[in-house]
Asker: 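Once you've had a glance at the structure underneath, I'll fire off some questions.
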There are 2 protein chains.
Amino acid sequence: MRDTVMVMTPAPAGRRRGPSKGDLREKAILDTARELLARKPLAEITIDELAAGAEISRSTFYFYFDSKLAVVVALLHGLADELGRDAGPWLDGTGPDAPALRRSLSALAAIWRDQGRLIAGALAAAPGCPPIARWRAGLREAHVDRLAARIARDRAAGLAPDGPAPRVLAELIDDLRTAAFAAATDPEALVDDLVTVELRMLYADFPETALGRMIGQAP
Amino acid sequence: MRDTVMVMTPAPAGRRRGPSKGDLREKAILDTARELLARKPLAEITIDELAAGAEISRSTFYFYFDSKLAVVVALLHGLADELGRDAGPWLDGTGPDAPALRRSLSALAAIWRDQGRLIAGALAAAPGCPPIARWRAGLREAHVDRLAARIARDRAAGLAPDGPAPRVLAELIDDLRTAAFAAATDPEALVDDLVTVELRMLYADFPETALGRMIGQAP
DNA sequence: GCGCATAGTCGACACACTGTCGAGTTTCTC
DNA sequence: GAGAAACTCGACAGTGTGTCGACTATGCGC
């Protein structure tokens, strides 16, 4: 695969050199992939199509990328930042701050709306494609870490009730988001309900005693 | 594909006829599939292996099944009943009946423990394989329908607070279960936490007023 | 201008897996 | 034991993948 790392071009002092023919081709492949992903799932996209879209032969495709999944990985790289953005205020905050959570989820929903196929395709390919699995794991861990820390903080401050270990609860919330957005036709329509549900999961005041009494009952 | 429907054999009055050679072969293929799925994901299993496991040639495989996915569908059929079993008392019950919910989730977790690869493979193949998609949709809908009805019932009886539309909430819970079990290494270790979380999602006593006050605050 | 390295391009090939066909063999049934 | 149905297989065609070696284009030092 062609080096994706942008090697510092010698920069001949004077004129700025435009992108090389190869850079253009690479971009064309990426654009084609994005465009195709908007229309059909990753599994149905073939290297032939990618090559055709970039107006090169199939074998030339391999000059730029190792495989179809390598293209996905490249596409994914640009997405990692986006996915984390706007989550800061919520994750670094304290207590049931619904507006912050809502903003965080809205941003996430917008990304799912625009790039759902890409993400879904990536998730489906993850088992069996280590780079994608790593990408997913890294993203998930980053979110879970911060959310778990937030939960621990809230509990220590008496703002949130006890319950599942912070990490486990954070994982459940992360899973819920992914599954819900992946299944939704209109991710953005889900935001408000997701806010409610996540707040319940985190802050539900479900008295131990009452719960204990209820558990005692037979159905 | 060989007729899977058990045609009533003419039953020659006298002796009971044992399974035909073909029945045995079919079972051998199914068994091989189950066995391979315990070791690696569906995508890595090839028809050659399935055929070899059943000690037939690859082309003979096609006498029994249309494709690898057809085998999965057959395997899935046996699973549908299991997946619904033990959920009755919870789904038909009323109020935060934790023990019933726990039993329902325990049974589900056991299935995921034993057949996780099969289910995960099926879910991954669902987009792009209508029969599997239908299977999944049917199962999901059955669960969502009953759970949504339960939610509506509880709300009408004043046992559960308002919140997302019953159907949406039910979908979120279904999504959460699937995602959580799919991601877990040990599904059964998750049961207790899932009970807590689902009860919170359904019955969280998160006072409107208190929530309202909190929403008012800036982070 | 020439020579040469590097970038870019492609057709042809080898391979893996899928699914079909027709011809063969076995097994039931009358 | 004849004929139908069940079963089996090798050979083939199709599709998608990835590699190779030869060929052309481009930039650069001289």
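Note that this is a predicted model, so its numbers are computed, not measured. A, B, ... follow the sequence lines: proteins, then strands. Residue 1 opens every chain.
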Asker: Using whole Å, what does the distance between atom C1' of nucleotide dG8(C) and atom CD1 of Ile56(A) come to?
Answerer: 10 Å
Asker: Does Arg25(B) come within less than 4.0 Å of Glu55(B), counting only side-chain N to carboxylate O?
Answerer: no
Asker: What is the distance, rounded to the nearest whole Å, between atom CG of Asp23(B) and atom P of dT27(C)?
Answerer: 15 Å
Asker: Looking at Thr60(B), I'd like to know whether one of its side-chain N or O atoms comes within less than 4.0 Å of OP1 or OP2 on dC7(D).
Answerer: no
Asker: What is the distance, rounded to the nearest whole Å, between atom CG of Leu42(A) and atom P of dG16(D)?
Answerer: 14 Å
Asker: Check salt bridge (charged side-chain N to carboxylate O under 4.0 Å, His left out) between Arg146(A) and all other residues, then give those that pass, not counting sequence neighbours.
Answerer: Asp92(A)
Asker: Look at the side-chain N and O atoms of Ser57(A) and state whether any lies under 4.0 Å from the OP1 or OP2 oxygen of dC10(C).
Answerer: yes
Asker: In chain order, what residues pass the salt bridge (charged side-chain N to carboxylate O under 4.0 Å, His left out) check against Arg102(A), with sequence neighbours excluded?
Answerer: Asp192(A)
Asker: Please report, rounded to the nearest Å, how far the C1' atom of dT8(D) is from the CG atom of Leu24(B).
Answerer: 16 Å
Asker: If the cut-off is 4.0 Å, is Arg25(A) near the phosphate of dT9(C), judged by side-chain N/O to OP1 or OP2?
Answerer: yes
Asker: What string of B, S and - do you get for nucleotides 16-23 of chain C 5' to 3' if you count protein non-hydrogen atoms under 4.0 Å?
Answerer: -SBBB---
Asker: A quick test of your reading: do over 12 heavy atoms of other residues, nucleotides or ligands sit less than 6.0 Å from NZ of Lys27(A)?
Answerer: no
Asker: In whole angstroms, how far is the C1' atom of dG10(D) from the CZ atom of Phe63(B)?
Answerer: 17 Å
Asker: As an exercise, state the distance from OG1 of Thr46(B) to NZ of Lys68(B), rounded to the nearest 0.5 Å.
Answerer: 7.0 Å
Asker: I'd like to know if Asp154(A) pairs up with Arg150(A) as an ion pair, taking the criterion as any Lys NZ or Arg NE/NH1/NH2 lying under 4.0 Å from an Asp or Glu carboxylate oxygen.
Answerer: yes
Asker: Figure out the CZ/C1' separation between Phe61(A) and dG18(D), and round it to whole Å.
Answerer: 11 Å
